[in-house]
Amino acid sequence: MKPSIPQGTRDFSAAVLKKRNFIFNTIRRVFELYGFEQLETPAMENIETLLGKYGEEGDKLIFKILNNGLNLPEKHDTARKDFEAVLSGKTSKGISERALRYDLTIPFARYIAMNHGQLTFPFKRFQMQPVWRADRPQRGRYREFYQCDADIAGSNSILHEIELTSIYATVFHQLRVPVEIHINNRKILQALAQQCGGESNMINITIAIDKLDKIGLDKVKLELKERGLTIEQVEIIEKYISIKGDNQSIIGTLKKLFANNEIGMEGINEMVEILEHSKSSKIPSTVVVNPSLARGLNYYTGTIFEVKATGVEMGSIGGGGRYDDLTGLFGVKGIAGVGISFGVDRIYDVMEELAVFPENIQAGTVALFFNTGIEKTHLVDLATSLREDGIACEIFHEAVKFDKQFKYAEKKSIPFIVIIGEEELKNGTANIKELSTGVQKTVTIQELKKAFTP
RNA sequence: GAGGAUGUAGCUCAGCUGGUUAGAGCGUCUGAUUGUGGUUCAGAAGGUCGUGGGUUCGAGCCCCAUCUUCCUCCCCA
């Protein structure tokens, strides 16, 4: 058998992990600075927790786990019946009662719904775990990938939107990735739907206009017509998504369009507040008001976010928004939430393309002790003593010619090598050579540590 | 889920209308060089041509199926 891994999954080598961890650590540090606490949930959820939460297409993309024990003779009859249901496109608990998590927001909502009695609100949690989607893999699209989410549950305050915007700005500033943070507000889209035949058209409208950037105005109009909107309604939407200009002029136009619509004005005012704070913030950021931003997930009810890297062809590298009643799906009413998500795998690809990973994160072993054939104890003791001071070092495993030992150090990008032979042992000295410069110096064993602690 | 491209040595790729024993560069290993690497030189190892069928006297090349990776649609991080 030829070893392989499932389509759309990857192994991560040490070099890749160092860079990935740099991203994870940056995000984690910022989350913690804003008071978020970490949560982990199981890779699998009960299937009914996930089904029906991600729109019409979403259910198809959920990885289902086959139940165990279907082969038991006493279960054959029900298993056959259940499988018939699967063949006709339904899901059946008799065949599958668990599935891999599709995102981190729904498991979070499930957690809140289960534990709301014990939690202190507003509850701020962050979560960094893999999610799985049965999508067709492409560049920047995997079947297993990590999300890093920060959400606040149990508060309607716009303060959270302001802080989440600032988290996005801080993280991408620290990662040196230039981004645009696109914002919009579902309340404005709701108002738009009210003017176009009622809120029952909301989903049709959001799905279509969300594609504006990708397929262009004409195709969006076509799709709207196909989704059953009248020509008059499509005209209203065209007017809406054609709004152009800087943030201020867009806001101005929106205010005129929805002057008589209470919910619309509410959404606009929320956006204005977020914009004002980001403008006055010390953290540099580019926040863009984008009326055609809609996001496919239909549980959003207020502010919506999407982050795009500038200068790189890549889908969104982050997204999120406010949902007034997420836990309502799990029978707990009245808990509002708002959150954002970072797509680590895409951020990685973007950073690789922009070559913005810092040099020093590659650092591993600092010093390699050459094996000159002297009694091992001397080297083991020395290495232990260096490690006590936090200096990563290795001892070459066999006394072979230096050529090999040098090449090992080079391959692993170890900056220093230490040579202690019989002669040095007698004198209590060590030769330290810096490989990048070729400079070699002799120090006493006692001074060895200092050479690696600048 | 629909459509399209791709796969040859560890890596990047050649390989003619189907014709003897499948090539190069880089890397690896050995030696020049048994305590001083990166350069140079000499030599060697390394391939069920993604996998499984088929057509043919003969297949890396043609046909079918399947898997991988990539692209478009859909959707998204």
Side-chain angles (χ1 to χ4, degrees), chain A residues 1-10 23 27 54-62 89 101-105 128-149 168 179 206-208 210-211 213-215 219 223 293-298 305-309 313-320 339-350 368 370-374 396 398-425 430-442:
Chain A
M1 177 202 125
K2 217 177 204 175
S4 65
I5 53 174
Q7 189 183 35
T9 65
R10 297 150 297 161
I23 301 173
I27 295 171
Y54 306 107
E56 30 182 324
E57 291 295 305
D59 285 358
K60 290 184 200 161
L61 299 178
I62 294 171
R101 80 165 94 74
Y102 178 90
D103 71 356
L104 300 178
T105 307
M128 312 202 301
Q129 288 187 275
V131 302
W132 293 269
R133 295 188 187 173
D135 212 346
R136 179 155 302 194
Q138 275 178 42
R139 173 181 145 80
R141 173 177 309 204
Y142 306 98
R143 285 185 154 178
E144 178 184 69
F145 62 97
Y146 275 75
Q147 289 191 330
C148 299
D149 279 29
Y168 265 146
V179 294
T206 55
I207 289 174
D210 202 34
K211 297 176 192 168
D213 283 348
K214 219 167 176 184
I215 64 177
K219 284 187 178 166
E223 178 154 351
L293 175 65
R295 295 189 60 77
L297 299 170
N298 47 31
F305 299 99
E306 200 155 292
V307 182
K308 290 186 166 191
E313 263 317 306
M314 182 66 74
S316 63
I317 55 176
I340 54 171
S341 177
F342 288 83
V344 173
D345 303 80
R346 284 190 178 174
I347 293 170
Y348 179 95
D349 289 347
V350 167
L368 175 72
F370 270 24
N371 193 324
T372 55
I374 60 167
F396 198 80
E398 54 187 357
V400 292
K401 59 182 185 178
F402 280 21
D403 182 73
K404 280 212 174 225
Q405 309 200 36
F406 269 116
K407 279 180 177 154
Y408 177 82
E410 244 173 79
K411 282 277 162 56
K412 284 193 74 171
S413 314
I414 298 172
F416 296 98
I417 58 107
V418 181
I419 302 172
I420 301 171
E422 294 295 347
E423 199 63 24
E424 287 80 5
L425 204 57
N431 296 324
I432 303 173
K433 185 165 184 174
E434 185 173 7
L435 290 195
S436 59
T437 57
V439 176
Q440 180 167 325
K441 56 184 176 180
T442 306

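FYI, side chains are in, hydrogens and waters are out, and symmetry mates aren't considered; it's all heavy atoms of this structure. Throughout, a chain's letter reflects where its sequence line sits, starting with A, and its residues are numbered from 1.
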Problem - Separation between the P atoms of B:G38 and B:C29, rounded to whole Å - result: 13 Å

Problem - Phosphate OP1/OP2 of B:G31: any A:K401 side-chain N/O under 4.0 Å - result: yes

Exercise for the section: Using a heavy-atom cut-off of under 4.0 Å over every strand shown, decide if A:G438 touches base, sugar-phosphate, or nothing. Expected result: base

Handout entry: Aromatic contact, A:F342 with A:Y146 (centres under 6.0 Å)
Key = no

Problem - Nearest-neighbour nucleotide for the A:Q138 side chain, B:C71, B:U36, B:C76 considered - result: B:C71

Completion exercise
Tested for ring pair (Phe, Tyr, Trp, His ring centres under 6.0 Å) against A:F396, the lone hit among A:Y408, A:F402, A:F406 is A:Y408

Practice task
Mind checking A:E422 for me? I need base, sugar-phosphate or nothing, with any heavy atom below 4.0 Å counting as a touch.
Solution key: base

Exercise for the section: Using the C1' atoms only, state how far B:G47 lies from B:C70, rounded to an integer number of Å. Expected result: 24 Å

Exercise for the section: Looking at every strand, decide which applies to A:K211 at a 4.0 Å heavy-atom threshold: base, sugar-phosphate, or nothing. Expected result: sugar-phosphate

Problem - Which nucleotide in B:G35, B:C75, B:G37 has an atom nearest any side-chain atom of A:N431 - result: B:G35

Handout entry: Presence of donor-acceptor pair under 3.5 Å, side chain of A:E424 and base of B:G35
Key = yes

Problem - Pairwise P distance for B:U28 and B:U72, with rounding to whole Å - result: 37 Å

Problem - Between P of B:A77 and CH2 of A:W132, the distance in whole Å - result: 16 Å

Exercise for the section: Check whether any side-chain N or O of A:R295 sits under 4.0 Å from OP1 or OP2 of B:A77, and answer yes or no. Expected result: yes

Exercise for the section: Identify whether any heavy atom of A:Y142 sits under 4.0 Å from a base atom; if not, whether one sits that close to sugar-phosphate; answer base, sugar-phosphate or nothing. Expected result: base

Handout entry: A:R346 (side chain) and B:C76 (base): donor-acceptor pair under 3.5 Å
Key = yes

Exercise for the section: Measure from the side-chain heavy atoms of A:R136 and tell me the nearest of B:G35, B:G3, B:C75. Expected result: B:G3

Handout entry: N/O (side chain, A:K404) to phosphate O (OP1/OP2, B:U36) under 4.0 Å
Key = no

Handout entry: Interatomic distance where CZ belongs to A:R143 and C1' belongs to B:U69 [whole Å]
Key = 13 Å

Exercise for the section: Would you check if there is a donor-acceptor pair between the side chains of A:N371 and A:Q405 at a distance under 3.5 Å? Expected result: no

Completion exercise
The nucleotide from B:C75, B:G31, B:G37 with an atom nearest the side chain of A:K433 is B:G37

Fill in the blank from the handout: When rounded to whole Å, the CZ to C1' distance for the pair A:R133 and B:G1 reads 17 Å

Problem - Residue-phosphate contact under 4.0 Å: A:K411 side-chain N/O, B:G37 OP1/OP2 - result: no

Handout entry: Contact check, side chains of A:R346 and A:Y348, non-hydrogen atoms, under 4.5 Å
Key = no

Completion exercise
Whole-Å distance, A:Q147 CD to B:C76 P, equals 12 Å

Fill in the blank from the handout: In whole angstroms, the gap separating C1' of B:A77 from OH of A:Y54 amounts to 13 Å

Exercise for the section: Drop me the distance from A:Q7's CD to A:R136's CZ, to the nearest 0.5 angstrom. Expected result: 7.0 Å

Fill in the blank from the handout: Rounded to whole Å, CD1 of A:I420 lies from C1' of B:G35 at a distance of 14 Å

Exercise for the section: Find which nucleotide of RNA chain B each of A:I374 and A:F145 is nearest to by heavy atoms, and output the residue with the more 5' nucleotide. Expected result: A:I374

Handout entry: Whole-Å distance separating the CD atom of A:E223 from the P atom of B:C75
Key = 6 Å

Handout entry: Separation between the P atoms of B:C63 and B:U55, rounded to whole Å
Key = 15 Å

Practice task
Could you tell me whether the phosphate oxygens of B:U69, OP1 or OP2, come under 4.0 Å of any side-chain nitrogen or oxygen in A:Q7?
Solution key: yes

Handout entry: Atom-to-atom span, CZ of A:F370 to C1' of B:G35 - whole angstrom
Key = 10 Å

Exercise for the section: Considering only atom C1', compute the distance from B:U30 to B:C71 and round it to an integer number of Å. Expected result: 45 Å

Practice task
Would you mind classifying the nucleic acid contact of A:I419 as base, sugar-phosphate or nothing, using non-hydrogen atoms under 4.0 angstrom?
Solution key: base

Fill in the blank from the handout: Per atom distances to the A:Q440 side chain, the nearest of B:G37, B:C75, B:U36 is B:U36

